[in-house]
Every structure is written in C-alpha cells, then in structure tokens.
Amino acid sequence: MFAARRVAATSSVAARLCSTAPPVKPSVKLIAELRKATEGVSLTKAREALAASNNDLQAALKWLDTDRAATGAARVAKLADRHAGQGLVGVQVLSPGARPGAAGAVRAAMVELNCETDFVARNELFGKLLCDIAHTAAFLAEPTQGSNFIQPVSFDALSDAPLLDHLNPQASSAPHTTVSDAVRDLVTKVGEKVTLRRAVALARDPFPAQQRHLGLRAFPFLHGTVTIPTNGTKGTLALLALKSPQLSTLVGSEEFQQKLAALQRSLGRTIVGFPTTVVRSPNGESNSEALYEQPSDMFMDKQGSNIEEELRFWAQRHGLVSEGAEDGGIEVLEFAKWSVGEPLEGN
C-alpha cells in the first residue's frame, strides 16, 4: 500500500514539474528599451538582467545598477595601484558675468580628470564625463564674499553629488547616478584607472543696482584640445573686474561683448603660454612670473609693451575710461592655471 502511495506521489510531482511553463524569453523590443535606458549595456547583460527580473524593466534597471556597482568596485580595487598620469583639464562656465541684469552673476569651475593613457583621455566618454563633472562642480558652488574668488571644491561633496549632464542639465534619465558612480562606471568601460584629481569653482552674485558701474567676468582658455573645446591638456580659469560709469550700457552692446571675448582669448593665451603664477608682484618688485609683466605678444592690435599697459589702453579704447580719467578700467583679479599631471602644491 505504501509503495503504491509513493508511486502516486512521485507521479504527481513529476506531472507538476513537467507542466511548469519555461520563463518567457525577453523580447527584442524590451531588450532595446533596456539598452537605451542604460547607455547601451551589452546585449548579453541586458538579457541576463531581464531574465533575473522576470522581464520587468524597472526591476532589470535596479539589477543592472547592483551588478554594475559590484563589478565596478572590483575593477577599481584591482586598478588602484596603477599610475594615472594622463588625462585632461576641463572648464565649464555656467554664467560668465558682465552682462545686463541677473546675467551679471558669475559661476564656473575647472576640474582635472586623470587616466592611464592618452588613448583613453581622447575617448568621447572620458571627455563627456569631464564636462559633466565640471558642470556639476560649477552648479554646486556657493557664492563667496571674501577676497579669494577661486575656491577649492570639496571632494566628498562633489563625489556624492548627482551628476549633471552639461548638454542637458534638466535631464533626469539617471537621477541616482553620482559623480563617483559615473567615474566607477567609466573604469569598467575603458579598463583603466580613472581618478578625479582636483577641482576649483568660482561663484559670485551680481552686484546690486547701486553698483552698476562694477562688473565681473569669468573666462577659460584651454590648450591641447582634441574634440571638445572646453577640455585640454593645459587650462586656466580667470576672473576680470570691470569698472565704468557707462558699464551697464557697454555690457549690453554686442560689439563690446565681442571685443571683450577677443581680450579674454589674448589673456588666456598669455596665462597658459607664459610661465605665469601670479597676476602682479605682491611687493611691487619685478617678477618674471607675474602676468602683468609678460609681453603683449598675444594681442592682435597691441599698443602696450606688457599686459598691464595693454589693459590700460584697451579700457580707454573701448569706453571703460576716458583718457586721463581714473574713474574706470579693467584688470585681472585672479586666475588658476593647471597642466595635466603636474605636481600639486604642497607635494
């Protein structure tokens, strides 16, 4: 009797197992949707994620996040001892200043992102990530009121911040992705060590209405660019101060803005191309590393023998100050200049 029962039970279990339907195979459309939502995850990984989540797209996205984090962390740890001496410097200017109204605010940042080889530094994914991180750093910068305009950015705050797309800051396709997540993901894609080396930011609110005669202007200059003009092997982020009773009228002129942009390019070339470390000598003595003492060779229509004279003539020529008057002008307040892989101060 017991033997008959065992046979019947076994037959019943076998019947149930045989009748169980196999998992539904992910459709081509669902795989395509998943790959589109994850910047082209591999076909194999997309199928694996959908199979593990019963073809639920949102669950598959979470599965991929968990898998990517685990894979990326392991890859980062494996590459930790390698030297990342290549890379690029990137500058993003969200608001240059010296424009009418609220546009007079200044907001910009400069970031250095390192990798192991020049080949990866020229990679489109690397370049875009650098732009996105610099944009994020500029967005996060808090306006300062002290005498130092360009401030270092907290690595912890920047690493934990949601990464903003510099081409579409309002995009929310991956709001969970932080800067550190994006760097880790890039490591898994390019197979090299990638590190965020340093970051600075500049943020100032516009001057109040009673100080319309004053203005600030932030500008970048990059040397050694490849495909993205805001990334290069050498770069500077600099700040100009403008003063004139007619400033509000001047900054509203398109011609003045074009002339100012040309001045910025000439100053940027001088800062990056010459051994400059300070704007002017702090003690009034001659200093070969002072920007104001460099020759004005980078200016197309130069009138002065050095940068200090050139700025004075430029202000007179473009209406900031009347000849012989002292009620206006233009000057460089501050700049930061970096070259990829150079020794950091204090090291």
Applying a strict under-4.5 Å side-chain criterion to I, L, V, M, F, W and Y, I'd like to know whether [X] and [Y] cluster together.
X: Phe221; Y: Val91; result: no
X: Leu216; Y: Ile330; result: no
X: Phe274; Y: Phe335; result: no
X: Ile228; Y: Leu196; result: no
X: Leu113; Y: Leu140; result: yes

Between [X] (side chain only) and [Y] (backbone N and O only), is there a donor and an acceptor less than 3.5 Å apart?
X: Ser244; Y: Leu320; answer: yes
X: Gln151; Y: Pro143; answer: no
X: Ser296; Y: Phe299; answer: no
X: Arg122; Y: Val226; answer: no
X: Thr236; Y: Ala336; answer: yes
X: Gln303; Y: Trp314; answer: no
X: Glu342; Y: Ser339; answer: yes
X: Asp185; Y: Ala182; answer: no
X: Tyr292; Y: Val278; answer: no
X: Thr136; Y: Leu164; answer: yes

Within a reach of under 6.0 Å around [atom1] of [X], are more than 12 heavy atoms found that belong to other residues, nucleotides or ligands?
X: Asp301; atom1: CG; result: no
X: Phe119; atom1: CZ; result: no
X: His223; atom1: NE2; result: no
X: Gln210; atom1: CD; result: yes
X: Phe256; atom1: CZ; result: yes

Should [X] and [Y] count as side-chain neighbours, where that means a heavy-atom distance under 4.5 Å?
X: Asp160; Y: Val179; result: no
X: Leu130; Y: Val111; result: yes
X: Met110; Y: Trp338; result: yes
X: Leu267; Y: Val332; result: yes
X: Val89; Y: Val340; result: yes
X: Arg99; Y: Gln257; result: yes
X: Ile133; Y: Val183; result: yes

Practice prompt. Verify side-chain contact (heavy atoms from CB on, under 4.5 Å) between Arg217 and Leu239, making sure each step is shown before the conclusion.
Written response: CA-CA 6 Å; Arg217 180 64 167 245; Leu239 183 67; 5.7 Å; no

Worksheet item: Are Val93 and Phe219 close enough, and set up right, to give a side-chain contact (heavy atoms from CB on, under 4.5 Å), and what steps lead you there?
Response: CA-CA 7 Å; Val93 179; Phe219 69 92; over 6 Å; no

Worksheet item: Do Lys193 and Glu116 meet the salt-bridge criterion of a basic N to acidic O distance under 4.0 Å?
Response: no

Practice prompt. Output yes when Glu112 and Arg198 qualify as a salt bridge under the 4.0 Å nitrogen-oxygen rule, no when they do not.
Written response: yes

Exercise: identify the closest heavy-atom pair between [X] and [Y]:
X: Gly90; Y: Ala134; answer: O-CB, 4.1 Å
X: Val321; Y: Gly329; answer: CB-N, 4.3 Å
X: Ala201; Y: Ala137; answer: CB-O, 4.1 Å
X: Cys115; Y: Phe126; answer: CB-CE1, 3.7 Å
X: Ala105; Y: Pro206; answer: CB-CD, 3.5 Å
X: Ile271; Y: Ala238; answer: CD1-CB, 4.1 Å

Nearest 0.5 angstrom please: [X] [atom1] to [Y] [atom2], how far?
X: Leu260; Y: Arg265; atom1: CG; atom2: CZ; result: 10.0 Å
X: Ser147; Y: Glu334; atom1: OG; atom2: CD; result: 8.0 Å
X: His213; Y: Leu250; atom1: NE2; atom2: CG; result: 14.0 Å
X: Ser248; Y: Leu214; atom1: OG; atom2: CG; result: 11.5 Å
X: Thr225; Y: Asn231; atom1: OG1; atom2: CG; result: 9.0 Å
X: Leu202; Y: Leu237; atom1: CG; atom2: CG; result: 5.5 Å

Worksheet item: After noting the C-alpha distance and the side-chain angles of Arg212 and Leu247, does the key distance pass the side-chain contact (heavy atoms from CB on, under 4.5 Å) rule?
Response: CA-CA 7 Å; Arg212 291 178 180 174; Leu247 185 61; over 6 Å; no

Discussion item. Could you work out, with side-chain hydrogen bond (donor to acceptor under 3.5 Å, both in side chains) as the rule, every residue matching Asp132, not counting sequence neighbours?
Written reply: Lys128, His166

Practice prompt. Taking side-chain hydrogen bond (donor to acceptor under 3.5 Å, both in side chains) as the test, write out the residues that go with Thr230, two or more places apart.
Written response: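 Once residues adjacent in sequence are excluded, the partners of Thr230 under the side-chain hydrogen bond (donor to acceptor under 3.5 Å, both in side chains) criterion are Gln92.
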
Once side-chain contact (heavy atoms from CB on, under 4.5 Å) is applied, do any residues pair with [X], and if so which ones, sequence neighbours excluded?
X: Ser154; value: Asp156, Ala157
X: Glu309; value: Ser305, Asn306, Arg312, Phe313
X: Pro229; value: none

Worksheet item: For residues Arg204 and Thr144, is any side-chain donor paired with an opposing acceptor at under 3.5 Å?
Response: yes

Worksheet item: Going by the side chain to side chain donor-acceptor pair (under 3.5 Å) test, which pairs reach into residues 270-286, not counting sequence neighbours?
Response: Thr276-Lys337, Thr277-Glu289, Ser281-Asn283, Ser286-Glu293

Discussion item. Test side-chain contact (heavy atoms from CB on, under 4.5 Å) on Leu129 and Leu125; report intermediate values, then the result.
Written reply: CA-CA 6 Å; Leu129 177 59; Leu125 294 175; over 6 Å; no

